[in-house]
Student: 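Once you've had a glance at the structure underneath, I'll fire off some questions.
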Amino acid sequence: MLAVWPLFPGMLLRQDSGVTQILEKKTVRLHRAWPVAAVGFVTLIGAAGFRSVPGVLLDPLHDEFGWSHATISAAVSINLLLYGLISPFAAALMDRLGLRKVVSGALVLIALGSGLTIFMDSSWQLLLCWGLLVGVGTGSMSMTFVATITGRWFVRRRGLVTGILTAAGATGQLIFLPLIARLATSYGWRVPALVAAGAALAVVPLVLLFLRDYPSDVGLRAYGAPEGSAAGQRVETTGSSAVRAITALRDAARRPVFWLLAGGFAICGASTNGLIGTHFVTAAHDHGMPVTTAASLLALVGVFDVGGTIVSGWLTDRWDPRYLLIGYYALRGLSLLVLPSLLGPTAQPSMWVFIIFYGLDWVATVPPTVALCREWFGVDGPIVFGWVFASHQVGAALAATGAGAIRDAQGDYNLAWYLAGGLCAAAALMSASIGRRIQPAVAV
């Protein structure tokens with residue numbers, strides 16, 4: 001006769017042929033790192049969605065206020081520029097004040113910036129709201145937020161989680177772009193602005209309830225960290241966050257690898273957020289494609305970006321990140337060179353091929369770049385990556401304004417596509433020039 005029944009929590013009592021045995025019941029618990037990563041994913045979805053709104057509203061704002069594409073693009077450029085420049089200071093501030101305070105404050109700023117646009121009647125107000133307020137808010141939740149979470153909470157699967165969190169940006173585009181385009185077409189541009197403000201405020205409770213700074217704050221080690229490892233232990237910081245950010249930049253700037261990473265990432269930003277993210281919808285519309293169709297295609301870039309970035313994170317755990325960057329930049333440049341011949345009033349099969357290919361490559365550069373920053377700059381890796389990411393946004397801002405000026409001057413974007421393709425070839429060469437450290441710095 002065999003009988004098994006509960007005795008105490010975590011224990012089983014088994015009686016078999018008169019022999020009584022107490023068996024230990026193993027309880028598998030989800031490591032706290034995964035809920036933290038999940039909240040980070042939701043937050044980054046929102047940040048990407050809020051940044052994508054102006055790209056869809058270029059034509060509605062132009063039609064209502066008569067502002068030029070270059071003027072409206074200038075607000076997008078300020079947004080993109082601050083999204084990068086605030087990043088290293090936000091990383092240092094997260095060390096000083098904590099993740100919850102910085103991220104929840106950033107979400108409130110985004111809600112204010114987006115909501116106040118419904119009252120604007122002058123272009124300087126657009127620059128203030130969508131440029132300054134939303135730029136500072138989203139910049140506080142940029143890719144350095146990803147580097148901070150993965151650096152503190154993960155040792156095992158770090159590259160994969162970096163890819164997943166980076167893919168949140170693509171998921172944000174997937175969710176927001178078709179919605180914003182449909183709302184703007186049906187109800188005008190003010191309704192999408194209010195939707196973005198409400199979405200930002202809705203994320204604040206999740207951040208306050210579930211986000212934590214370090215595994216050691218809840219009595220844990222980082223996920224996959226061995227016994228005695230310093231990974232996941234709180235590191236107390238003193239002094240000004242701004243000073244620490246500047247000091248990290250000063251020290252990093254003495255190494256050629258920093259400039260190679262920053263230069264390549266500037267081109268990355270120019271060829272993605274600045275050019276495609278800001279101007280693809282308008283460029284497709286110039287060729288007769290409906291705005292809703294073009295926005296849906298751009299959202300599909302986000303669909304494939306999710307898979308491409310996650311796979312890139314997985315590959316970064318296994319392959320030399322330099323070789324990944326070389327391949328990503330070279331292939332992206334080729335795709336941009338053929339884009340002018342693909343644009344038309346309808347989405348032909350060749351355009352679908354471009355969307356799939358470009359989507360897989362969109363932000364696949366982030367996991368290997370984060371890995372190289374961590375390898376070369378150790379505990380300052382997230383802050384240094386913040387500065388590298390700032391260069392990404394400088395490139396994006398220049399491309400957003402430059403492509404708008406090219407459109408105003410020539411009536412199309414062809415020159416912008418060709419210039420971006422050539423720059424991507426230069427980024428591939430920069431990545432090929434990066435060396436590897438023989439003894440990588442210990443990540444914390």
Side-chain angles (χ1 to χ4, degrees), residues 44 48 51 80 83-84 87 142-147 150 158-173 257-277 301-302 304-336 356-377 381-382 384-396 399 420-434 436:
L44 290 162
R51 286 188 297 102
L80 293 171
Y83 182 67
S87 183
S142 63
M143 292 298 105
T144 55
F145 182 42
V146 174
T150 56
R158 183 179 278 164
L160 177 62
V161 176
T162 299
I164 293 172
L165 292 181
T166 304
T171 306
Q173 285 187 358
V257 65
F258 171 79
W259 297 106
L260 293 171
L261 288 169
F265 228 45
I267 294 170
C268 178
S271 58
T272 53
N273 302 86
L275 185 56
I276 294 292
V301 169
F304 293 102
D305 183 26
V306 172
T309 308
I310 292 173
V311 171
S312 178
W314 181 82
L315 291 173
T316 301
D317 285 331
R318 292 161 173 79
W319 288 6
D320 189 329
R322 298 173 303 165
Y323 298 150
L324 297 177
L325 289 178
I326 293 168
Y328 296 154
Y329 286 131
L331 293 174
R332 182 184 300 174
L334 291 174
S335 68
L336 286 170
I356 294 171
F357 182 84
Y358 200 84
L360 292 172
D361 188 72
W362 179 269
V363 288
T365 54
V366 173
T369 303
V370 170
L372 287 169
C373 286
R374 187 182 298 115
E375 175 182 312
W376 276 94
F377 303 105
V384 174
F385 176 70
W387 287 111
V388 172
F389 185 71
S391 72
H392 181 282
Q393 296 309 110
V394 170
L423 287 172
C424 286
L429 292 175
M430 291 179 192
S431 300
S433 301
I434 296 173
R436 293 299 303 271

Student: Heavy atoms only: give me the nearest Thr162-Pro367 pair and the separation to one decimal.
Tutor: CG2-CA, 3.9 Å
Student: Donor-acceptor pair, distance only, cut-off 3.5 Å: does the side chain of Tyr358 make one with the backbone of Ser335?
Tutor: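 Side chain of Tyr358 to backbone of Ser335: no pair is present.
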Student: Could you measure the distance from the CG atom of Leu315 to the CD1 atom of Ile310? Nearest 0.5 Å is fine.
Tutor: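 Going from the CG atom of Leu315 to the CD1 atom of Ile310 covers 12.0 Å.
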Student: Is Thr316 reaching over with its side chain to a backbone N or O of Ser312, donor-acceptor style, under 3.5 angstrom?
Tutor: yes
Student: Side-chain contact, heavy-atom cut-off 4.5 Å: Phe377 with Phe258?
Tutor: yes
Student: Shortest non-hydrogen contact from Met430 to Gly263?
Tutor: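 Residues Met430 and Gly263, closest heavy atoms: SD-C, 3.6 Å.
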Student: Please report the interatomic distance CD1(Ile267) to CZ(Arg332), rounded to the nearest 0.5 Å.
Tutor: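 If we round to the nearest 0.5 Å, Ile267:CD1 and Arg332:CZ are 10.0 Å apart.
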Student: Give, for atom CZ of Phe145 and atom OG1 of Thr150, the distance between the pair rounded to the nearest 0.5 Å.
Tutor: 10.5 Å
Student: Is there side-chain contact between Ile326 and Tyr323, with at least one heavy-atom pair below 4.5 Å?
Tutor: yes
Student: Nearest heavy-atom pair of Ala428 and Tyr329: which atoms, and what distance?
Tutor: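 Closest approach of Ala428 to Tyr329: N-CB, 3.7 Å.
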Student: Between Ile276 and Leu336, is any pair of side-chain heavy atoms under 4.5 Å apart?
Tutor: yes
Student: Is any side-chain heavy atom of Thr272 closer than 4.5 Å to a side-chain heavy atom of His392?
Tutor: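 A side-chain contact exists here, since the closest heavy-atom pair is under 4.5 Å.
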Student: Answer with yes or no whether the side chains of Tyr328 and Ser431 bring together a donor and an acceptor at under 3.5 Å.
Tutor: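 No, because no side-chain N or O of Ser431 sits under 3.5 Å from a partner of the opposite role on Tyr328.
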Student: Got a second to check how far Leu324's CG is from Arg322's CZ, nearest 0.5 Å?
Tutor: 10.5 Å
Student: Can you see which heavy atom on Thr309 is nearest to which on Gly163, and at what distance?
Tutor: CG2-O, 3.2 Å
Student: Search all heavy atoms of Leu325 against all heavy atoms of Thr369 and return the closest pair with its distance.
Tutor: CD2-OG1, 3.7 Å
Student: Any heavy-atom pair between the side chains of Val370 and Val146 that's under 4.5 Å?
Tutor: no
Student: Within a strict 4.5 Å, meaning less than it, do heavy atoms of the Val257 and Leu372 side chains meet?
Tutor: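 No; the side chains remain at least 4.5 Å from each other.
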Student: To the nearest 0.5 Å, tell me how far Leu360 CG sits from Phe304 CZ.
Tutor: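 Taking CG in Leu360 and CZ in Phe304, the distance rounds to 7.0 Å.
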Student: Minimum heavy-atom separation for Pro321 to Pro368, with atom names?
Tutor: CB-CB, 3.5 Å
